[in-house]
**Student:** 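Pasting a structure below so you can have a look.
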Amino acid sequence: MQNKKTLYWRLCCGAMVVLSVLTFTPLVIPAGRYEPMLAGVPLTLWAGIAIAVAMVALTLVGTYVHPDSGE
Amino acid sequence: MTLWLWIIGGLYLAALVYATIHSKQRTQSADDYVLAGSNVGLFLGFLTFSATVFSTFTLMGMPDFFRTHGVGAWIFLAVSDGGMVFLILALGLYLRRRVAEKGFKGMSGLLAECYGQRWGGYVYFAGAFLFLVPYIAIQIRGIGIFLEGAFPGMLPFWGWATLIVVVMLIYSEIGGLKAIIFSDAMQGLLLMTVTWIVALGCVRYFGGVGAMFEQVGQVNEALLSTPGPNGLFSVQFLVASFFAILMYPFTQPQVAVRIVIMKDGASTRRMAVAVGVFAVMLIMATIPIGMYGAVRYADLSVSDFLVNVLMFDQAPIIGAAVAVGLIAAAMSTADSQIFALGAEVRSLISGTERAVMLRTKLAIVFFAVAALVFAVLSNDQLVLLARVSFAGTAMLGPLVLAGILSKTPPGVEVIVVTALGVVVFGISSLGVIPASVGAVRMDLLLFAVLGVFTLGSVLYRNRRA
C-alpha cells in the first residue's frame, strides 16, 4: 500500500513538473498570438486557467497519496 | 455611500474589538501571543493564510496589472500560486518535522538551530527585513492612495496611512497572533465576496465574457497575449516570478509561521488545497475588473481607475463594503508581516520572558514605523514592488530548504553565498548594478547560482558525513 502511495505521489510530482514547464512554452504563452480562443477567451488565459486548476487538482490528489497522508 | 460606510465600517471595527479582547483573554503565555497556541484548524488556517498572501496587492494591484499588461498577469500570479500550494503540500511536512525536532519561535531561530550557528538565522532575518518592509509599505500605500482618492480633502495620503498603522498596532499589540488570525478570517471572507460582486458587475457591463475580450481586443489587442503592451511578461520574467512565488511560503516568515501553527499534518495538507481554490477564484475575479478598466479607464492613473471601478461605479452599499474590505485587507496583511518580523526578533534573542516580550513588542512598533516611512516615500507600482519583495526573499529559498531538508547541518558557505545573493539582488533592484547579465535577468541567474551551489554543498556534506 505504501509503495503504491509513493508511486502515485511521484506521478503527482512528475505531472506538476510537466505542467510547470508547459506553462512557459509557446503552447501557452506564444508571443503576440491569442488564438485559438475558447468561448471568446484568449489562448494564454484559457490555457493558463486550465493549468492553474490542474495544479490545484493535483494538490488535492496529493493530499490522499502523499507518503505522510496516513499519519 | 457615507451612511453605508459608517454601518459596515462600524460592524467591522466592532468585530475587530471583540476579536482583540477575546484573544487577549485567551492568551496565557508568550507562545500563545506569538504562535496562537500552534493549534489552528483548517477553516481559520486557510483563511488566515489566504488573507496574509492575498491582500491589497491582489484586489488593487492585479486589476491594474490586467488593465496595463494584459492576460499574462494570470500566468504571473495564478499559475505560480498553483505551484506554490503544491510545494506547501510537498515540503510543509519537512518544515513541521524540523519544528517538532528543534522547537519553534521563528524561522530565524529555527535556521540558527538547523545550521548549528546563529549566522544562519541572522542572514535570514536580514533578508526578510530588507525585502518585507517594501511589501508591508505597499499595503499601507495602496490603501492610503485609495482612501485619499475616495474621500478627497478629508485626510492627506499620509494621514490615512498613519491611521491604518495605528489601528493595526493597537490590536496586534494587545491581542497577538490570535487577534490577527480572527481579523484575517473576516478580511478573507469580505475580500472574496466584494471582489466577486464587483467582477460580476464588470462582466454584466460587457454583456458576457466573450464580448468583454472582444472589446478589449478593439481597444488594445496586445492585452490579449504575452508579453503584453509594454513587453513586461517575457518568458524570463514569468519564470523568475514563478520561482519567487514558489518559495514564498518558506521564505516569508508571516507565511511560514502559518504552516507551523496548523494543528496537524492533515489540516496543513487540506489547507494547501483550500488556499489553491481561494487563489484561483480570487485572481479570476480580478480579470474582468482589469478588463473593464482597460476599456473604460485606460488612461487614468492607478488610484483614479481603482476608485472609479471599485467605488463610484458600484451601488453605495457595495462601494462601502469594498472600501472597508480594502482597509481590512491592507491591515490584515501588513499586521501579519510586521508581527512576523517581531516574532523573528524574538527567536534570535534570549532573556527572561518578560524582557523578551517587551523587546518583541518594541520591535513590532519599529517595523511598523519603518514600513510607514517607506510607504510615504515609495511609488504606486504595487505589484512590481510586491514582486521585488517576493524575488528578494526568494533568494533565501535555498538557505531555508537546505536547513529544513538536509540530514546534516548545512555549511557556512551556504550562509555566505546567500548573503552575497541578497546583497547583489538588492543593489541590482536599486539600479546600482545592471538588472541583467547578458541576456539573463539577474534574479533568474541568482536563483540558479544559489540553487545549484546550495544543492552541491548539501550533497557533498551529506556524503562526507
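Within every chain, numbering begins at 1; the chains are lettered A, B, ... in the order of the sequence lines, protein sequences first and strands thereafter.
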**Student:** What residue, out of B:Leu89, B:Val273, B:Thr268, B:Val85, has the most heavy-atom pairs lying under 4.5 Å from chain A?
**Tutor:**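 So the answer, after comparing B:Leu89, B:Val273, B:Thr268, B:Val85, is B:Leu89.
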**Student:** Give me the ring orientation class for B:Phe86 and A:Trp9: parallel if the planes are under 30° apart, tilted from 30 to 60°, perpendicular past 60°.
**Tutor:**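 Correct class here is parallel.
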**Student:** Quick one: salt bridge (charged side-chain N to carboxylate O under 4.0 Å, His left out) partners of B:Arg270, sequence neighbours excluded?
**Tutor:**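 Applying salt bridge (charged side-chain N to carboxylate O under 4.0 Å, His left out) to B:Arg270 gives none.
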**Student:** Counting only non-hydrogen atoms closer than 4.5 Å, can you tell me which residues of residues 240-250 of chain B sit against chain A?
**Tutor:**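 Within residues 240-250 of chain B, the residues that come under 4.5 Å of chain A (heavy atoms only) are B:Phe242.
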**Student:** When you measure from the side chain of B:Gln252 to the backbone of B:Val53, do you find a donor-acceptor pair of N or O atoms at a distance under 3.5 Å?
**Tutor:**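 Absent.
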**Student:** Taking every non-hydrogen pair under 4.5 Å, which of B:Ala279, B:Ala274, B:Ala90 racks up the most with chain A?
**Tutor:**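 Among B:Ala279, B:Ala274, B:Ala90, the one with the most close pairs to chain A is B:Ala90.
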**Student:** As an exercise: rank A:Ala54, A:Ala57, A:Gly40 by heavy-atom pairs under 4.5 Å with chain B and give me the winner.
**Tutor:**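 So the answer, after comparing A:Ala54, A:Ala57, A:Gly40, is A:Gly40.
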**Student:** Between A:Ala31 and chain B, which part of the residue has a heavy atom less than 4.5 Å away: side chain, backbone, both or neither?
**Tutor:**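 For A:Ala31, heavy atoms of backbone and side chain both lie under 4.5 Å from chain B.
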**Student:** Check whether B:Ser234 reaches the backbone of B:Phe237 with its side chain - one donor and one acceptor, N or O, closer than 3.5 Å.
**Tutor:**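 Yes; judged by distance alone, with no hydrogens or angles, the pair exists.
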**Student:** So which residue, A:Leu19, A:Thr23, A:Val28, ends up with the most heavy-atom pairs under 4.5 Å with chain B?
**Tutor:**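 Of the options given, most contacts go to A:Thr23.
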**Student:** Determine whether B:Lys102 and B:Leu110 satisfy the following criterion, side-chain contact (heavy atoms from CB on, under 4.5 Å), listing intermediate values before the conclusion.
**Tutor:** CA-CA 7 Å; B:Lys102 309 253 182 208; B:Leu110 179 68; 3.9 Å; yes
**Student:** Between A:Arg33 and B:Ser225, does any side-chain donor sit less than 3.5 Å from a side-chain acceptor?
**Tutor:**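 No donor-acceptor contact under 3.5 Å links the two side chains.
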**Student:** Tell me, for A:Leu38 versus chain B, whether the close heavy atoms (under 4.5 Å) come from the side chain, the backbone, both or neither.
**Tutor:**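 Contact with chain B is absent: no heavy atom of A:Leu38 under 4.5 Å.
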**Student:** Could you give the side-chain donor-acceptor pairs of residues 211-222 of chain B under 3.5 Å, partners two or more places apart or in another chain?
**Tutor:**
residue	atom	partner	partner atom	Å
B:Asn220	OD1	B:Ala222	N	3.2
B:Glu221	OE2	A:Tyr34	OH	2.6

**Student:** Which answer fits B:Leu238, side chain, backbone, both or neither, if we ask what part of it has an atom under 4.5 Å from a heavy atom of chain A?
**Tutor:**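 Both parts, heavy atoms under 4.5 Å.
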**Student:** Let me know if B:Val280 has heavy atoms under 4.5 Å from chain A in its side chain, its backbone, both or neither.
**Tutor:**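 The side chain, not the backbone.
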**Student:** Between A:Ile29 and chain B, with a heavy-atom cut-off of 4.5 Å, which part of the residue counts as in contact: side chain, backbone, both or neither?
**Tutor:**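 For A:Ile29, the contact with chain B is made by backbone and side chain together.
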**Student:** Without swapping roles, check the side chain of B:Asp81 against the backbone of B:Met84 for a donor-acceptor pair under 3.5 Å.
**Tutor:**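 Between the backbone of B:Met84 and the side chain of B:Asp81 there is no qualifying donor-acceptor contact (under 3.5 Å).
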**Student:** So which pairs with a foot in residues 35-58 of chain A pass side chain to side chain donor-acceptor pair (under 3.5 Å), sequence neighbours left out?
**Tutor:**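 As it turns out, there is no side chain to side chain donor-acceptor pair (under 3.5 Å) pair with a partner in residues 35-58 of chain A once direct neighbours are skipped.
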**Student:** Closer than 3.5 angstrom, by distance alone: can the side chain of A:Thr25 be matched with the main-chain N or O of A:Leu22 as a donor-acceptor pair?
**Tutor:**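 Yes.
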